[in-house]
Student: 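Take a look at this one; I'll ask things after.
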Amino acid sequence: MKYSRLTKEQLEELHQEFINFLATQSITADEWTNLKANKPDLAEMELDVFSDLIWEGALNKAEYLEHFAPKHMYLFHLKEDQMHAIVVNIKNDVDITTQEGYDWLRENLMDESVEFLQADKAYSYDKNLDKFKMIEQGASITKGELYKYFYKLIN
């Protein structure tokens with residue numbers, strides 16, 4: 001397995017897609033029930049393959065990632081050949097993971113305790129695995145509104 005198995009909730013959300021996936025494997029509903037009961041290892045393998053396919057599709061489409069920490073905001077634009085990062089550092093007691101701290105940041109962007117950094121980073125041999133590792137560390141796929149806002153602000 002390249003990524004990680006989808007959660008039970010994610011699999012439930014993708015129920016129809018999973019049925020379609022099983023159909024492409026020529027596995028009927030009855031065969032799936034039988035597989036789960038009599039060959040659980042094979043059923044687990046099918047879930048893993050399906051999970052990887054879903055992750056691969058989502059990662060291929062992902063253009064932006066965001067990750068918030070108490071003193072840092074990491075905003076990534078996932079370009080074709082590299083990613084561009086904008087990092088917002090907070091150099092005071094404010095915790096931007098709280099609503100109060102985030103509101104403070106919005107009102108004090110030009111405060112001397114707010115620092116902006118930018119960098120480009122090349123992908124490794126596997127671009128989607130790089131993205132997935134960032135998600136595992138807490139990043140979320142977004143539409144990029146914050147990235148675009150800060151990019152215009154600092155460039």
Student: Minimum heavy-atom separation for Lys2 and Leu129, please, with both atom names.
Tutor: O-CD1, 4.0 Å

Student: Determine whether Phe21 and Leu53 make a side-chain contact, defined as any pair of heavy atoms from C-beta on separated by less than 4.5 Å.
Tutor: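 Phe21 vs Leu53: side chains touch.
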
Student: Could you tell me the separation between the CD atom of Glu115 and the CD1 atom of Ile90, rounded to the nearest 0.5 Å?
Tutor: 9.5 Å

Student: I would like to know whether Phe50 and Leu11 meet side-chain contact (heavy atoms from CB on, under 4.5 Å); could you show each step before the answer?
Tutor: CA-CA 9 Å; Phe50 177 72; Leu11 286 167; 3.8 Å; yes

Student: Using the rule that two of Ile, Leu, Val, Met, Phe, Trp, Tyr join whenever any of their side-chain heavy atoms come within less than 4.5 Å, decide whether Tyr102 and Tyr149 are in one cluster.
Tutor: yes

Student: May I ask you to check whether over 12 heavy atoms, not counting those of Glu13, lie within 6.0 Å of atom CD?
Tutor: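 Incorrect, the count does not exceed 12.
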
Student: Quick one: which residue pairs count as a salt bridge (Lys or Arg N to Asp or Glu O under 4.0 Å) with a foot in residues 102-112, not counting sequence neighbours?
Tutor: Asp103-Arg106

Student: Should Ile86 and Leu146 be counted in the same cluster of Ile, Leu, Val, Met, Phe, Trp and Tyr side chains packed under 4.5 Å apart?
Tutor: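 Yes, it is one cluster - the side chains of Ile86 and Leu146 are joined through contacts under 4.5 Å.
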
Student: Could you tell me the separation between the CG atom of Leu14 and the CD1 atom of Ile54, rounded to the nearest 0.5 Å?
Tutor: 5.0 Å

Student: Which pairs pass side chain to side chain donor-acceptor pair (under 3.5 Å) with one or both residues in residues 49-59, sequence neighbours excluded?
Tutor: Tyr3-Glu56, Glu56-Asn128

Student: Transitively linked via ILVMFWY side-chain contacts under 4.5 Å: Met45 with Trp32?
Tutor: yes

Student: When Ser113 is tested against each of Asn92, Asn89, Asn108 for side chain to side chain donor-acceptor pair (under 3.5 Å), which residue passes?
Tutor: Asn92

Student: In terms of hydrophobic clustering (I, L, V, M, F, W, Y; side-chain heavy atoms under 4.5 Å; direct or indirect links), are Ile154 and Val114 co-clustered?
Tutor: yes

Student: Is it possible for you to check whether Lys127 lies under 6.0 Å from the centre of the six-membered ring of Tyr123, through NZ or CZ, and within 45° of that ring's axis?
Tutor: yes

Student: With rounding to the nearest 0.5 angstrom, report the NE2 to CZ distance, His67 to Phe76.
Tutor: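 Going from the NE2 atom of His67 to the CZ atom of Phe76 covers 8.5 Å.
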
Student: According to ring-ring contact (aromatic ring centres under 6.0 Å, His included), who are the partners of His72, at least two apart in sequence or on a separate chain?
Tutor: Tyr74

Student: Under the side chain to side chain contact (heavy atoms under 4.5 Å, CB included) test, which residues partner Thr33, sequence neighbours left out?
Tutor: none

Student: Any chance you could lay out the side-chain contact (heavy atoms from CB on, under 4.5 Å) test for Thr142 and Leu65, step after step, and finish with the verdict?
Tutor: CA-CA 6 Å; Thr142 70; Leu65 292 176; over 6 Å; no

Student: Check Thr97 against Pro70 and note the closest heavy-atom contact, atom names and distance.
Tutor: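 Between these two residues, the closest heavy atoms are CG2-N, 3.6 Å.
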
Student: Can you see which heavy atom on Ala122 is nearest to which on Gln82, and at what distance?
Tutor: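 So the minimum-distance heavy-atom pair works out to CA-CB, 4.1 Å.
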
Student: Mind checking the CD-CD spacing from Glu66 to Glu145? Nearest 0.5 Å is all I need.
Tutor: 8.0 Å

Student: What is the distance from atom NZ of Lys131 to atom CG of Asp126, rounded to the nearest 0.5 Å?
Tutor: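 It comes to 10.0 Å.
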
Student: Does Lys71 reach the main-chain N or O of Val94 with its side chain, forming a donor-acceptor pair under 3.5 Å?
Tutor: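 A pair under 3.5 Å: yes.
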
Student: A side-chain contact here means heavy atoms from C-beta on lying under 4.5 Å apart; do Ile135 and Leu59 qualify?
Tutor: yes

Student: Looking only at non-hydrogen atoms, find the nearest pair between Ile96 and Ala69 and report the distance.
Tutor: CG1-O, 3.4 Å

Student: Sequence neighbours left out, what passes side chain to side chain contact (heavy atoms under 4.5 Å, CB included) with Asp93? Give chain and number order.
Tutor: none

Student: Test your reading of the model: is there a side-chain donor-acceptor pair from Glu12 to the backbone of Glu9, 3.5 Å cut-off?
Tutor: no

Student: Test of understanding: clusters of I, L, V, M, F, W, Y form through side-chain heavy atoms closer than 4.5 Å, transitively. Do Met1 and Leu22 belong to the same one?
Tutor: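 Different hydrophobic clusters.
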
Student: Crowded around Lys79 NZ? As in, over 12 foreign heavy atoms under 6.0 Å?
Tutor: yes

Student: Using modelled atom types and a 3.5 Å cut-off, is there a donor and acceptor pairing between side-chain atoms of Asn34 and backbone atoms of Asp30?
Tutor: no

Student: So, does Gln137 use its side chain to make a donor-acceptor pair with the main chain of Met134 at under 3.5 Å?
Tutor: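 No, the answer is negative, given that no donor and acceptor are paired below the 3.5 Å cut-off.
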
Student: Measure the spacing between CD of Glu100 and CG of Leu105 and express it to the nearest 0.5 Å.
Tutor: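 Between atom CD of Glu100 and atom CG of Leu105 there are 13.0 Å.
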
Student: Less than 4.5 Å apart, any side-chain heavy atom of Leu75 and any of Phe150?
Tutor: yes

Student: Once you measure the plane-to-plane angle for Tyr147 and His77, does it fall in the parallel (<30°), tilted (30-60°) or perpendicular (>60°) bin?
Tutor: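 Correct class here is tilted.
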
Student: Just grab all the salt bridge (Lys or Arg N to Asp or Glu O under 4.0 Å) pairs involving residues 37-51, residues at least two apart or on different chains.
Tutor: Arg5-Glu44, Arg5-Asp48

